[in-house]
Protein chains: 4
Amino acid sequence: MPAQPPKALKPRKTPSQPRSRVTVDAIFEATIQVLLSQGMVGLTSTGVAERAGVSVGTMYQYFPNKQSLVYALNERFLTTLAERVEATCAQMHGRPVAEAAEALIDTYWAAKTERPELTRALYRSVAELETDALLHAFATRVDKATTDMFCRASDFSSPDASEVNVLLTTVIYGSVRNVFERGLGPEEILGLKSELKAMCRAYLATVGK
Amino acid sequence: MPAQPPKALKPRKTPSQPRSRVTVDAIFEATIQVLLSQGMVGLTSTGVAERAGVSVGTMYQYFPNKQSLVYALNERFLTTLAERVEATCAQMHGRPVAEAAEALIDTYWAAKTERPELTRALYRSVAELETDALLHAFATRVDKATTDMFCRASDFSSPDASEVNVLLTTVIYGSVRNVFERGLGPEEILGLKSELKAMCRAYLATVGK
Amino acid sequence: MPAQPPKALKPRKTPSQPRSRVTVDAIFEATIQVLLSQGMVGLTSTGVAERAGVSVGTMYQYFPNKQSLVYALNERFLTTLAERVEATCAQMHGRPVAEAAEALIDTYWAAKTERPELTRALYRSVAELETDALLHAFATRVDKATTDMFCRASDFSSPDASEVNVLLTTVIYGSVRNVFERGLGPEEILGLKSELKAMCRAYLATVGK
Amino acid sequence: MPAQPPKALKPRKTPSQPRSRVTVDAIFEATIQVLLSQGMVGLTSTGVAERAGVSVGTMYQYFPNKQSLVYALNERFLTTLAERVEATCAQMHGRPVAEAAEALIDTYWAAKTERPELTRALYRSVAELETDALLHAFATRVDKATTDMFCRASDFSSPDASEVNVLLTTVIYGSVRNVFERGLGPEEILGLKSELKAMCRAYLATVGK
DNA sequence: AATGAATGAGTCTTCATTCAT
DNA sequence: TATGAATGAAGACTCATTCAT
């Protein structure tokens, strides 16, 4: 997915040696911690380095600037998310569309809900970055997987699977984000999720059969 | 909607004299301009003041700090948005749910799409503010209007209009936001919008009749 | 005593008309209030004007700058103090030195202790002003009165009354100030005062008889 | 003596590395220089840093704000002063009170007179700080030493040495300060000092024998 | 390679003072 | 003469980034 991170945001070296790997992981974890406790505003390079137990200098060895840190963090999570979605899609090949859609909802929902606070923080962090390229790369990659899944659904023969795909993903991704924006309670969330599935089902029943 | 802006964000004085009014408006407009051209990162107090053609000091007479400026801006737009939604809801009283939902989509969509770049900028600006209270106040206000509209729909007798309302609004608001996130083209957007309507129709057809 | 207030500190107009008098008094009172509640740091021209119920503009009509305000305030108090000391001195003409010294202590002490917080505030305010001239003028004026008193004491024939005067006044004024610096309690203060008198008596008994 | 500097005034890091030590000393010296030449008003962070030959940033690594700088400076001088007084007191154990008092006068006087301009500047600087705690700690520490000295004087058996101590120290410290306030000339100062001693002697001769 | 002291450009913010109304 | 909106110089402070050790 890296897909050309705006040059300045590329990590400096890809850690291969075990020591480096540990360092980088510590930095990532520290970034998350600071992000959670202080938000983007409180995310200072010194603060992260301190929390990670390394010196600023060391940190700059791996990340050329502060943004690259957050960028890499988002990249990491988006990559994981993409992989999970792809896995789901692979698994759902040849199944009915409705089921496929529901599975997509479940997977995406779960991924975003596991660490809700982190999800919130990342959603916010994106606003301050030049992440258009990153998000676009993610969208493209995932769209391919989902479109594919819908195309090959057992009961689906829409001439334009892509259109259906755009609708479903927009609605799903958007709804999830809105849930975080509104700060709904756990029960409401569950209800919402099942209604969303119902909605998708209802829609698919009227389309491309 | 003001709903207790976190004290530090409250404007300092409400301009009463005509000279003040002009000044404040200039500041607002300048804020928008800067937000559009430089984003939240480039939004400096000096920058805004300069663009507004006033001195920093003047700006600080009306806004106790930079954030309050953006806060006020969001408040303004959300208030307008709420009013438009309320107007639509009032107009749709007693009409079929499907029509009501479509009208809501049209209104919300239009409001957000008129100045797309500004919408993007505001979406982003929110991430750096303590706007939870503001957003919550907006949600509450608008939810009341929409729930009411759905309750009184001619063909609607759902025991739980509120649940339907949450679903529809989440889906609609979320989808719109996602459209901006993805940077879809105008055509795709139009297609998406009509599909979204179809989806809502399909869903409502299966519910509460 | 004005004795050439450093040009920039001279009040702009001496209020003669009754309206002006009221305004100036209100400003003085406001200055004291602000000084007491916020200290020198919190003493802003806007703050004082507001508290005085006049506009900044009006205030600047009477005081050309912030310092002149504090300067005038100190001048006022020093003048009153000088008058009280002079009165005491006049009254003590021809009395024994010891009694004269004690009377001086009582007068000075009383004057500084009546509004202790204000005294503290003024002591501090002086530090930030170009008040050397003012203080010098005060010292000269008062020294004249006290020296005179000591010279004419019934039992005093020191060849150098001036030297005695310097010692006594230095000790008295200094001690009073130190009392405020240390923040002694009321009882300690009383004890201290009577001991100070005893000390002066003891000293005078060994001198110039 | 640190005695809990009001948290905001505590130095940020205590320099351990030699480079740091040099830096901090340079900053201190620069602070003194600026204080002497421009007074508290002219003491700006940039000014001090410039004079110290370091960047503002460096200065802020050691002192969280401007005040802490002056605070630390006062602390330094008060500590030295306390040490000198203590040394004198230790040395005067078992000697006659009068001698002890004179020694105290000499020591305190010398300490304050060595760099008169600096003394003046520090006296003034205190007015703008939250130094009550600092001064109180100093007073307590020094009072202990002097009281002790008086208690153990060979010819002293006052039931309340503490009261005598308060009087003497108040008179001495206060007089010294007053000398600076009045701007007396060197000759007057010498005369004053010897008279002050005479006064103390006279007083002690009437007490607690 | 790691460290962390030093840098200084860049921001926010205040407040004495002016001046058009 | 009074008002208070506007001014803008001045100053405090932060923090990403560098580089000597």
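Residue numbering restarts at 1 for every chain, and letters A, B, ... go by the order of the sequence lines. Worth saying up front: this structure is predicted, and the values here are computed from it rather than measured.
Across residues 40-55 of chain C, C:Leu43, C:Thr44, C:Ser45 each have a non-hydrogen atom less than 4.0 Å from an atom of DNA chain E (numbered order).
Atom CE of C:Met59 and atom P of F:dT1 are 18 Å apart (whole Å). Between D:Leu69 atom CG and F:dC13 atom P the separation is 11 Å, expressed in whole Å. As a whole-Å value, the separation of D:Asn65 CG from F:dG11 P is 17 Å. In this structure, C:Gln38 atom CD and E:dT14 atom C1' are separated by 15 Å, rounded to whole Å. The interatomic distance linking C:Phe63 (CZ) with E:dT18 (P) rounds to 16 Å, in whole Å.
Judged by distance alone, the side chain of A:Thr44 and the main-chain N or O of A:Gly47 form a donor-acceptor pair under 3.5 Å.
Contact annotation: C:Gln61 reaches the phosphate of F:dA2 (side-chain N/O to OP1 or OP2, under 4.0 Å). Of the side-chain N and O atoms in B:Tyr62, one or more sit less than 4.0 angstrom from OP1 or OP2 of F:dA6. Between B:Thr23 and the phosphate of F:dA6, there is a side-chain N or O to OP1/OP2 separation shorter than 4.0 Å.
Defined by atom type and a distance below 3.5 Å, a donor-acceptor pair is present between the side-chain atoms of B:Ser55 and B:Thr58. Using modelled atom types and a 3.5 Å distance limit, the side chains of C:Ser125 and C:Asn74 yield a donor-acceptor pair.
Atoms CE and CD, from B:Met40 and B:Gln67 in turn, are 6.5 Å apart once rounded to the nearest 0.5 Å. Separating the CG atom in A:Leu73 from the CD1 atom in A:Ile27 is a distance of 11.5 Å, to the nearest 0.5 Å.
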Secondary-structure notation, DNA chain E, from Watson-Crick and G-U pairs under 3.5 angstrom (| other strand): .||||||||||||||||||||
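Considering every non-hydrogen atom in both B:Tyr71 and B:Glu130, the closest pair reads CE1-O, 3.9 Å. When all heavy atoms are compared, the tightest approach of C:Leu129 to D:Arg124 is O-NH1, 3.7 Å. The two residues C:Arg115 and C:Ile32 have their closest heavy-atom pair at NH2-CG2, 3.8 Å.
Residue order along DNA chain E, read from the 5' end via each residue's closest nucleotide, puts B:Tyr60 first among C:Lys66 and B:Tyr60. Nearest-nucleotide positions on DNA chain E for C:Val56 and D:Thr58 put D:Thr58 closer to the 5' end.
For B:Phe28 and B:Phe63, the distance between ring centers is under 6.0 angstrom.
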